[in-house]
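In what follows, a single structure is set out as C-alpha cells and then discussed.
Values reported hereafter were calculated over all heavy atoms of this structure, with side chains retained and with hydrogens, waters and symmetry mates removed. Numbers here are sequence positions counted from 1. Note that the structure is predicted; figures quoted are calculated from it, not measured.
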Amino acid sequence: MDESKNTNKYIILMIIAMLFWGFAWTAGKVAAEHSNAQVAAFWRYAISFITILPVIWYLKTPLKTDRVGYMYMVAAGVLTSLFNYLFFAGLSHGQAGYGGTMVTSLAPIITYILSILFLGITVSFRQLGALFIGILGALILLRVPLDGFAFLNVESSYFLGCAIVWALVTVIAQKASKRAHLMFHTVVVFGITAFINMLFALPHHPFDFEAYDETFWITIFLIGLIPGTFSTALYFVSAGKVGAHRTGVYMFIVPVGAIVSSWVVYGEALEISTLIGCLLAFAAVILFNMKNSSKALE
C-alpha cells in the first residue's frame with residue numbers, strides 16, 4: 001500500500017511537470033512578442049542553467065562521464081540550441097497551442113523511427129502498426145489531407161523543425177544515459193545551449209536590461225525556472241519511480257497545458273485536425289510501449 005501511494009505521488013509530480021512544459025509554449029510566445037527569438041532563446045537556458053545547479057547539488061548527482069559521454073553532451077547542446085531558437089521563432093509567427101501539440105505529438109514518432117534506423121531497435125508487427133498510426137496522426141497534424149503540402153509555411157516549418165531536432169536530442173539522451181547520470185547530462189547541455197544561444201544573441205544586446213520590458217523579464221525568468229529547472233528535475237526524479245517505459249505516455253499531457261493556456265491568454269481555438277492527430281499519436285505511443293513484447297522500445 002505504501003509503495004502504491006508513493007508511486008501515485010510521483011505520477012502526480014510527473015503530470016505537474018508535463019503541464020508546466022505545456023504552459024511554456026504560451027509563455028514563450030509572450031516572451032517572443034516582447035523581445036526576439038535570439039535573446040529569448042539565450043535567457044531561457046541561461047536561467048535554467050543557473051537555477052538547476054543547486055538542484056544538482058541537492059540531489060548529489062554524480063558528475064562523471066567519459067570522453068564519449070562528453071561528445072554526446074556537446075552534440076545535444078548544439079541541437080538543443082537550434083531547438084531553442086526554432087521554438088521562439090515559431091512562436092513569434094504561429095500559435096502556441098498548435099506548436100505545443102504538434103511538436104510533442106510528432107517528436108515521439110520521429111524518435112521511434114530514428115531509434116529503429118540508427119539504434120538497431122528490433123520491432124514487432126504490432127509496433128510497426130503503431131508507427132503507421134503515428135505517421136497517420138502526424139500527417140493529420142500537418143493538415144496534409146486537407147491542405148496538401150501547405151504545412152511547409154513559416155509557422156509549421158519551425159515547429160516541424162522543433163520536432164525533428166528534439167527527436168535527435170532524445171536519441172542522443174538514450175545513448176548518453178549509459179555513460180552519465182541524466183541530470184548531469186542535462187546541466188551540461190543547458191550550459192552549452194546557453195553559451196551557443198548567447199553568441200547569436202550578442203548583436204541584439206541581451207545584457208542591456210533596459211532594452212526589454214518588465215513583461216519579458218518576468219516571463220522569461222518563469223520559463224527558465226519553472227518549466228526549465230523545476231519540471232526537468234521533477235521529470236527525471238519521477239521517471240525513475242514511475243518507469244522509463246511509461247514516461248513517453250505522460251508527454252501527451254504537454255499539449256493539454258499548451259492548449260488550455262493558449263486559449264486563456266490568446267483565445268486560440270483547438271482545430272479538429274489537431275485534436276485527431278494528437279489522439280492518433282497518443283494511441284501510437286501507448287501501442288508501441290505495451291509490455292507484451294520483450295523487445296518493446298523503452
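- Contact between Gly134 and Ile109 at its shortest, heavy atoms only, is CA-CD1, 3.7 Å.
- Residue-environment remark: OH (Tyr266) exceeds the threshold of 12 foreign heavy atoms within 6.0 Å.
- Here the shortest heavy-atom pairing between Leu182 and Ala173 reads CD2-O, 3.9 Å.
- Contact annotation: the side chain of Val39 never approaches that of Ile220 to less than 4.5 Å [non-hydrogen atoms, C-beta and beyond].
- Taking a 6.0 Å sphere around CD1 of Ile272, one finds it holds 12 or fewer heavy atoms contributed by other residues, nucleotides or ligands.
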Inset, instruction - Step by step, work out the side-chain contact (heavy atoms from CB on, under 4.5 Å) result for Arg67 and Tyr70. - result: CA-CA 5 Å; Arg67 182 181 299 178; Tyr70 283 118; 5.8 Å; no
Inset, instruction - Kindly indicate, with the supporting measurements, whether the criterion side-chain contact (heavy atoms from CB on, under 4.5 Å) is fulfilled by Thr104 and Met18. - result: CA-CA 11 Å; Thr104 53; Met18 297 300 99; over 6 Å; no
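- Tyr72 has its side chain out of reach of Val188: every pair of non-hydrogen atoms, C-beta onward, lies at least 4.5 Å apart.
- Atom CD1 of Ile50 and atom CG of Leu225 lie 11.5 Å apart (nearest 0.5 Å).
- Using a 4.5 Å cut-off on side-chain heavy atoms (C-beta onward), Phe83 and Leu79 make no contact.
- In the hydrophobic cluster analysis, where Ile, Leu, Val, Met, Phe, Trp and Tyr join through side-chain heavy atoms closer than 4.5 angstrom, Trp21 is grouped apart from Val30.
- Met102 is not listed as a side-chain neighbour of Thr274, based on a closest heavy-atom distance of 4.5 Å or more.
- A ring-ring contact (aromatic ring centres under 6.0 Å, His included) with Phe190 holds for exactly one of Phe49, Phe184, Phe42, Tyr45; it is Tyr45.
- More than 12 heavy atoms of other residues, nucleotides or ligands sit less than 6.0 Å from atom CZ of Phe209.
- Tested against His181, the residues His185, Arg179, Met183 include a single side-chain contact (heavy atoms from CB on, under 4.5 Å) partner, Met183.
- Side-chain atoms of Ser262 come within 3.5 Å of backbone N or O of Ile259 as a donor-acceptor pair.
- For the residue pair Ile133 and Leu280, the shortest heavy atom distance occurs at CG2-O, 3.5 Å.
- Leu53 and Phe195 fall within a single hydrophobic cluster, where Ile, Leu, Val, Met, Phe, Trp and Tyr are joined by side-chain heavy atoms under 4.5 Å apart, directly or via other members.
- The CZ atom of Phe23 sits 5.0 Å away from the CG atom of Leu19 when rounded to the nearest 0.5 Å.
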Inset, instruction - Quick one: do Thr219 and His34 satisfy side-chain contact (heavy atoms from CB on, under 4.5 Å)? Show the steps, please. - result: CA-CA 10 Å; Thr219 305; His34 288 260; over 6 Å; no
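- Between Phe216 and Tyr212, the ring-plane angle classifies as tilted under the 30° and 60° cut-offs.
- One finds the OG atom of Ser261 at 12.0 Å from the NZ atom of Lys29 (value rounded to the nearest 0.5 Å).
- The distance between the ring centers of Phe207 and Trp43 falls below 6.0 angstrom.
- Residues Leu131 and Ile116 have side chains in contact (heavy-atom distance under 4.5 Å, counting atoms from C-beta outward).
- Between His204 atom NE2 and Leu202 atom CG the span is 9.5 Å, to the nearest 0.5 Å.
- Of all heavy-atom pairs between Glu268 and Ala96, the closest is OE2-N, 3.1 Å.
- Closest non-hydrogen pair, Gly77 versus Ile192, comes out as CA-CG2, 3.7 Å.
- Side-chain contact between Phe88 and Asn36 is absent, with no heavy-atom pair separated by less than 4.5 Å.
- The 12-atom threshold is not exceeded at CZ of Phe200, counting heavy atoms of other residues, nucleotides or ligands nearer than 6.0 Å.
- In this structure, OG on Ser48 lies 10.0 Å from CZ on Phe221, to the nearest 0.5 angstrom.
- Within a 6.0 Å radius of CH2 in Trp217, other residues, nucleotides and ligands contribute more than 12 heavy atoms.
- Val265 and Leu91 end up in different hydrophobic clusters when Ile, Leu, Val, Met, Phe, Trp and Tyr side chains are linked at under 4.5 Å.
- Between Trp25 and Val103 there is a side-chain heavy-atom pair separated by less than 4.5 Å.
- Cluster annotation: Leu82 is not connected to Met71 through the hydrophobic network of ILVMFWY side chains, with a link wherever side-chain heavy atoms come within less than 4.5 Å.
- For the atom pair CH2 (Trp57) and CG (Leu63), the distance works out to 13.0 Å, reported to the nearest 0.5 Å.
- Phe132 and Leu114 are not part of a single hydrophobic cluster, where members link through side-chain heavy atoms under 4.5 Å apart.
- No option in Ile135, Leu141, Thr101, Ile164 other than Leu141 meets the side-chain contact (heavy atoms from CB on, under 4.5 Å) test with Leu106.
- Counting heavy atoms from C-beta outward, Trp166 and Phe87 have side chains that stay 4.5 Å or more apart.
- In terms of heavy-atom proximity, Ala41 sits nearest to Asn197 at O-OD1, 3.8 Å.
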